[in-house]
Amino acid sequence: MHPAPSVIIFTVLSGLGFGLLTYLGLGAINPTGLAAFGFFTLAYGLAVGGLLASTLHLGNPKKALLAFTQWRTSWLSREAWLSVLALVLMGFYALGAIFFGTHMRLLGALGAALSIATVLSTSMIYAQLKTVPRWNQWPTPLLFLVFALSGGAILAAQPYIAFILLLITGIVLLLHWLNGDGRFAATGSTMETATGLGHIGKVRLLEPPHTGTNYLMKEMVYVVGRKHALRLRLIALSLAVVLPALILLAFPSSHFAIVVAILSHLVGAFAARWLFFAEAEHVVGLYYGKR
Amino acid sequence: MTQLPTHTDKKLGLVIDLDICVGCHACVVACKGWNDQGYGAPLSDQDPYGSNPAGTFLNRVHSYEITQENGPAQVVHFPKSCLHCDDAPCVTVCPTGASYKRSEDGIVLVNEDACIGCGLCAWACPYGAREMDQAAGIMKKCTLCVDRIYNENLPEIDREPACVRTCPTGARAFGDLSDPDSAVSRSVAERGGFDLMPELGTKPINQYLPPRAKGLGQDIDVLAPLLDIQPEPTGIVGWLDKLLGKP
């Protein structure tokens, strides 16, 4: 799948923002006044910035409000609702913390639950697609969730929680990669099932339907850069998980360490998310003799 | 509404005969031609006369080579457009309700006024039936020529999809696949029509008829009787053979 920068930025940043909102809502930290303003600005900047980035890949963003109508069937529509509900509820919670120094516990807990639900609904947009076997596996929602919670924990200055969650993130990342490597084969889709001609013999593409490229090939038959996959996996795992975990363990009370840890984590998360797209193979590639 | 209808009165679709298709791409051209002038945003091209042309098409013809264990390789031309699936995954993922399946005839359509161009339906389709038009930013797909098949301004013979109407070999047939007595349903039953990628559970309406068996062990060389091959040479060649002791 084509790793569109807008979608990578959207999933990573909004996940991080909603992760931080989760900790704020649950009362893991209870800032008031100016400190609360800082925390909530950061969380909203990431969450809303990410959501705005996602509209960049729309062909017709001016009609984006219609995306709220189909929540009965569409995960994308559910994500739109959940994100707005989470942001509105946490907005009231933030007003209380910033201007009145109070933390409305029930409201915060509800906002935190909606923030987690938003991250999960984002992940389901990908996990629901049977056509992309690497995404269509149960570790996918888990992966989005642990990335949001571990990144959020670093931003919420919770070094020990972050350390444990980063280790879990590493395990889930490995699980997603290793399980994902066998997913395409497990679906049983081949050029023979795609063409229905397997009863005759082995099928190969003799002539593609067009000499140039097209939308399908650019969007779904993206094979560029997969040869660097192993190196990028190592980079993603080291920067997103190992390095920030070690930094937080070594300097748990240093603000500077938190900044370094979150920057390293972000770079690693971007690499992991780039791989999430670039390594994912769509079954339509079979019609083009590619994967 | 992106909920799939529980029942469709008809199941209009195509039956594509892989035995007959010669890969002339006339259906591709006819489809592009018709869908450029009526229904919805036109199918744009990018850099059409340049070095890297690309464009939106609703129907494309792949060509495959099938190698057999015992027998010659076989070439199959493979036209592919939207299969108007009964369990269409492209419909349910749509966040705006632009993508829908009609309960009256089962045609899957895009309401272009509501399409935001997110591309998720194209991701959900296993067959590559949907292409985002790069000029309009709107998802395009086969409409089964919904603006032809019910169009009373056209002569009756033209009230079928442009690809079917234009096919010079009759490799594409249009009809109601929910009616077991329709011509398309009967040909599917007789010839063993099949679904594409049945393992993905999309329940396509369009059916493909397999190529008829070809291969060694069959006298497929219609010119053989005309080739005057003498098993035993006669005359001077025969005398030479005998003299020199042909093995």
Side-chain angles (χ1 to χ4, degrees), chain A residues 1 55 57-64 66-80 125-126 128-132 187-189 191 193-216 218-220 282-284 286-289, chain B residues 1-3 18 23 28 52-57 60-69 71 74-76 78 80 89 92-98 113-120 122-128 131-134 136-139 194-201 208 210-211:
Chain A
M1 302 296 288
T55 63
H57 88 284
L58 298 181
N60 272 294
K62 61 184 180 292
K63 292 182 271 187
L66 283 169
F68 287 93
T69 59
Q70 305 301 315
W71 50 272
R72 284 183 199 84
T73 61
S74 168
W75 279 106
L76 187 47
S77 189
R78 286 170 198 160
E79 185 207 29
I125 294 170
Y126 305 99
Q128 68 178 332
L129 297 172
K130 280 189 194 171
T131 49
V132 188
T187 61
S189 292
M191 284 187 78
T193 69
T195 57
L197 298 170
H199 64 281
I200 304 174
K202 188 86 190 127
V203 179
R204 83 178 181 97
L205 185 72
L206 182 69
E207 233 183 337
H210 39 95
T211 50
T213 184
N214 73 347
Y215 170 74
L216 298 173
K218 283 185 212 159
E219 186 77 7
M220 286 167 260
H282 195 288
V283 293
V284 77
L286 293 170
Y287 287 104
Y288 288 92
Chain B
M1 207 55 196
T2 55
Q3 269 168 317
L18 298 177
V28 179
N52 190 21
T56 313
F57 287 78
R60 296 188 186 261
V61 181
H62 299 244
S63 294
Y64 297 105
E65 181 192 64
I66 310 161
T67 41
Q68 310 181 59
E69 285 270 315
Q74 192 173 339
V75 171
V76 174
F78 194 94
K80 184 165 61 60
T92 49
V93 298
C94 175
T96 68
D113 291 336
C115 176
I116 56 173
C118 70
L120 193 53
W123 286 7
C125 172
Y127 310 109
E131 297 187 16
M132 177 108 70
D133 188 82
Q134 299 300 301
I138 280 172
M139 194 57 72
F194 56 82
D195 292 349
L196 303 187
M197 281 200 246
E199 68 276 9
L200 291 179
Y208 284 75

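Please read these numbers as outputs of a predicted model, since none were measured by experiment. Each chain gets a letter, A, B and so on, in the order the sequences are listed, and its residues count up from 1.
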Report the distance from atom [atom1] of [X] to atom [atom2] of [Y], rounding to the nearest 0.5 Å.
X	Y	atom1	atom2	value
A:Y215	B:E131	OH	CD	9.0 Å
A:L76	B:T96	CG	OG1	9.0 Å
A:K202	B:E69	NZ	CD	11.5 Å

Among the listed options [options], the residue most often paired with chain B at heavy-atom distances under 4.5 Å:
options	answer
A:H282, A:H57, A:H199	A:H282
A:K62, A:E79, A:K130, A:K218	A:K130
A:A64, A:S77, A:S189	A:S189
A:L129, A:V203, A:I200	A:I200

**Prompt:** Which residues satisfy the side chain to side chain contact (heavy atoms under 4.5 Å, CB included) test with A:P209, sequence neighbours excluded?
**Reply:**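 For A:P209, the residues satisfying side chain to side chain contact (heavy atoms under 4.5 Å, CB included) (neighbours in sequence not counted) are A:Y288, B:R60, B:H62.
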
Side-chain heavy-atom pair [X], [Y] within 4.5 angstrom cut-off:
X	Y	result
A:V284	B:Y127	no
B:F57	A:H210	no
A:T195	B:F78	yes
A:Y287	B:L196	yes

Return the option, out of [options], with the maximum number of heavy-atom pairs under 4.5 Å with chain A.
options	value
B:A98, B:C125, B:G201	B:C125
B:Q134, B:K80, B:M197, B:M139	B:M197
B:L18, B:D133, B:T67, B:D195	B:T67
B:P210, B:G55, B:A54, B:A122	B:A122
B:G119, B:P53, B:C115	B:C115

What part of [X] is in contact with chain A, defined as an atom under 4.5 angstrom from a non-hydrogen atom: side chain, backbone, both or neither?
X	answer
B:D113	backbone
B:C118	both
B:V75	side chain
B:V76	side chain
B:P89	neither

**Request:** For A:T131 and B:W123, indicate whether the former's side chain and the latter's backbone hold a donor-acceptor pair under 3.5 Å.
**Result:**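 Looks like yes, one N/O pair under 3.5 Å.
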
**Item:** Side-chain donor/acceptor of A:N60 to backbone N/O of B:A136, under 3.5 Å
**Value:**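 Judged by distance alone, yes, a pair lies under 3.5 Å.
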
**Prompt:** What part of A:T55 gets closer than 4.5 Å to chain B, counting heavy atoms only: side chain, backbone, both or neither?
**Reply:**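 Neither part.
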
**Item:** B:E65: salt bridge (Lys or Arg N to Asp or Glu O under 4.0 Å) partners, not counting sequence neighbours
**Value:**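 Partners of B:E65 by the salt bridge (Lys or Arg N to Asp or Glu O under 4.0 Å) criterion, ordered by chain and then number, come out as A:R204.
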
For [X] versus [Y], what's the shortest heavy-atom pair and its separation?
X	Y	answer
B:P95	A:S74	CA-OG, 3.4 Å
A:T193	B:P198	O-CD, 4.3 Å
A:L197	B:P211	CD2-CD, 3.6 Å

**Message:** Does A:Q128 form a side-chain contact (heavy atoms from CB on, under 4.5 Å) with B:L120? I'd like the steps, not just the answer.
**Reply:** CA-CA 11 Å; A:Q128 68 178 332; B:L120 193 53; 4.1 Å; yes

